[in-house]
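Residue numbers start from 1 in every chain, and the chains themselves are labelled A, B, ... in the order their sequence lines are given, proteins ahead of strands. Not measured: the values here are computed from a predicted model.
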Amino acid sequence: MTVEHLCFSYPCGRKILEDISFHADAGECLAVLGNNGAGKSTLLKCLSHILRPQSGQVLVDGRDILSLSLGELAREAALMAQSAPSTRLTVYDTLLLGRKPYMKWGVSQHDRAVVGDILRQLELEPFAMRYLDQLSGGERQKILLARALVQEPKLLLLDEPTSSLDLKNQYEVLGLVRRFCRERHITAVLVIHDLNLALRFCDRFLFLHSGRVLAFGGPEAVTPANIRAVYGMDAAVERVRGVPVVIPALER
Amino acid sequence: MNHPSLRQQAPEAYARHQGRRAAFLLVLAAALVCAVLVSLWCGSYETPLPELVRGVFGRAGDKSVNTVVRNLRLPRICTALLGGAGLGISGCVLQSVLRNPLASASTLGISQGASFGAAFAIIVLGAGLQSGSSASGAMSFTAPVTISVCAFVCSMAVSLVILALSRLRAITPEAMVLAGVALSSLFSGASTLLQYFADDVQLSSIVFWTFGDLGRTSWREVRIMAAVILAAAAVFLLNRWNYNALESGEHTAVSLGVHVVRLRLWNVLLCSLVCSVVVAYVGVINFIGLVAPHLVRRVVGGNYCWLLPGSALMGALLLLLGDLAARQLLAPVVLPIGAITSFLGAPLFLYMLFKGRDRL
């Protein structure tokens with residue numbers, strides 16, 4: 001996946017994203033990092049056609065997905081929202097919804113097979129007939145991931161997928177995201193606030209500041225200088241038992 | 001990985017789950033058939049049921065049974081079925097596309113628009129009641145077509161204004177509902193002003209029209225209603241997974257390939273068309289469009305594959321039962337159907353709301 005010179009501004013003229021370019025390979029997880037208002041969510045909305053960027057290209061397998069129709073895009077890119085609304089749809093129906101981009105008149109045998117497969121692989125079968133509003137936040141988040149996977153996308157967009165989860169569920173959900181992206185050669189783009197979670201699970205890091213790319217690269221891009229530039233805060237990056245960890249400094 | 005039993009588990013459970021929902025729809029349909037038969041049987045003209053059923057096909061031994069059934073009772077029953085189903089299913093769709101559990105024909109100002117149209121026809125165009133009619137007997141307007149046309153035009157005008165506003169400024173569904181409420185009050189005010197200058201006969205004509213009456217339609221009107229409602233229902237059913245997608249939030253729906261704005265515009269237009277046709281021919285019937293989808297949702301959950309047909313069946317059943325009650329409670333006086341559906345529907349609704357959740 002390659003993003004080239006993406007620009008977006010609202011009709012009133014305010015520029016939100018300017019000349020955004022980055023690249024990630026299939027199977028990689030890319031963390032979009034930045035302070036509040038840096039344009040992270042706008043970037044995700046541009047990638048999922050909720051907003052239309054004024055210029056730029058988003059190439060997935062050499063195809064510009066910005067020129068696709070909504071239906072075509074839905075087969076290329078899946079969006080996993082911050083949290084699932086607690087509706088009275090069963091888990092199975094929610095997963096079938098992920099087959100929506102492929103449906104013509106109704107649910108096919110193949111659609112059911114795909115849903116059954118994902119349910120099994122995510123070990124969600126005991127929940128299949130439960131309603132979403134009967135599940136905990138962590139369980140719902142796994143259902144959202146399952147629905148996105150049912151879409152069989154090449155690109156998985158995640159908007160702060162762990163912001164409402166406890167410690168165990170944060171690691172579990174992100175672990176599943178990474179596992180499935182590796183297995184199925186899906187590129188994941190995550191908007192995430194927790195730098196340590198990002199360091200733990202992501203391969204590439206995109207720092208946004210005021211709608212521009214401040215830094216882009218592997219774990220080596222997570223430096224005290226970049227963190228200071230983005231968040232305006234001093235922090236040390238150290239290795240603890242081989243794991244890079246960001247330790248923010250307290251105010252002096 | 002290869003546990004055939006495990007592999008079958010979820011689909012089988014799902015089939016059972018779906019089966020229970022299908023069974024609920026069958027029960028609703030059976031109740032509807034019973035209600036139709038009872039409705040056929042009730043009336044001033046007492047005849048055994050088999051004879052009445054033969055009368056439906058024009059094969060009753062007694063010629064007058066044929067006439068009563070085919071010209072009086074059947075059009076009334078069909079009107080109740082079509083009107084109820086139309087109001088129920090469009091209420092269900094409006095609640096989905098406007099993301100608002102209170103959305104219905106009256107929140108969009110359709111009922112108020114229709115009332116204004118009828119008042120305009122009666123007062124300005126002189127299409128009022130014929131003198132000499134009374135509350136117990138058959139009432140007739142001097143120009144029922146004029147009233148229906150005016151009611152239809154005004155109620156459609158309200159929804160077109162709302163849609164034009166939303167097209168012009170890409171407003172949110174909440175703003176659409178609020179615009180509907182504003183236009184409702186505008187038209188209620190206009191109706192009140194018209195009524196202020198009306199004489200007694202005109203005033204009672206307006207009040208009588210607003211009550212609603214399922215007996216105003218003949219086969220011609222039933223055919224028009226059937227064409228509009230069946231066509232709209234087909235479109236709604238084709239969109240069932242779009243409504244399911246919308247249930248998960250607008251952004252998610254877009255990411256699943258749903259043109260949310262386009263879906264909302266066309267569906268609000270179609271719902272307005274259905275409600276306007278029903279209200280123009282039958283009068284203001286408020287509660288069905290709101291209650292029917294919620295009652296069905298309580299039982300089958302939020303999947304529109306079941307909610308849409310369920311709301312149509314439930315709407316038809318409620319309106320038919322309401323009509324039965326209206327005709328039988330104080331027979332031979334026929335009570336106003338609009339009041340009856342609200343009067344009997346509200347307690348039922350409250351009961352279901354506070355009883356807790358019972359799911360299939």
Quick one: pull up [atom1] in [X] and [atom2] in [Y] and give me the separation to the nearest 0.5 Å.
X	Y	atom1	atom2	answer
Leu256(B)	Tyr102(A)	CG	OH	11.0 Å
Glu12(B)	Met129(A)	CD	CE	11.0 Å
Thr87(A)	Leu246(B)	OG1	CG	11.5 Å
Gln82(A)	His251(B)	CD	NE2	11.5 Å
Thr252(B)	Lys100(A)	OG1	NZ	13.5 Å
Asp159(A)	Ser255(B)	CG	OG	11.0 Å

Atom group of [X] that falls short of 4.5 Å from chain B, counting heavy atoms:
X	answer
Arg75(A)	neither
Leu132(A)	neither
Thr94(A)	neither
Ala81(A)	side chain

Test side chain to side chain contact (heavy atoms under 4.5 Å, CB included) on Tyr14(B) and Arg112(A); report intermediate values, then the result.
CA-CA 10 Å; Tyr14(B) 188 63; Arg112(A) 284 172 207 274; 3.5 Å; yes
May I have the step-by-step check of side chain to side chain contact (heavy atoms under 4.5 Å, CB included) for Asn244(B) and Leu89(A), ending in yes or no?
CA-CA 8 Å; Asn244(B) 279 342; Leu89(A) 221 51; 4.1 Å; yes
Is it the case that atom [atom1] in [X] sees more than 12 heavy atoms from other parts of the structure closer than 6.0 Å?
X	atom1	answer
Arg167(B)	CZ	no
Arg63(A)	CZ	no
Glu183(A)	CD	yes

Mind listing the closest non-hydrogen atom pair of [X] and [Y] along with its distance?
X	Y	value
Ser248(B)	Leu97(A)	OG-CD2, 3.4 Å
Arg240(B)	Gly106(A)	NH2-CA, 3.6 Å
Trp241(B)	Leu96(A)	CH2-CB, 3.7 Å

Which of Glu247(B), His259(B), Gln18(B), Arg297(B) touches chain A most, by non-hydrogen pairs under 4.5 Å:
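Option with the top pair count is His259(B).
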Single hit among Ile50(A), Leu73(A), Leu79(A), Leu51(A) for side chain to side chain contact (heavy atoms under 4.5 Å, CB included) with Val254(B)
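Output: one option passes, namely Ile50(A).
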Proximity breakdown for Leu238(B) and chain A, heavy-atom pairs closer than 4.5 Å
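The answer is the side chain of Leu238(B).
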Which atoms of Val258(B) are under 4.5 Å from chain A, going by heavy atoms: the side chain, the backbone, both sets, or neither?
both
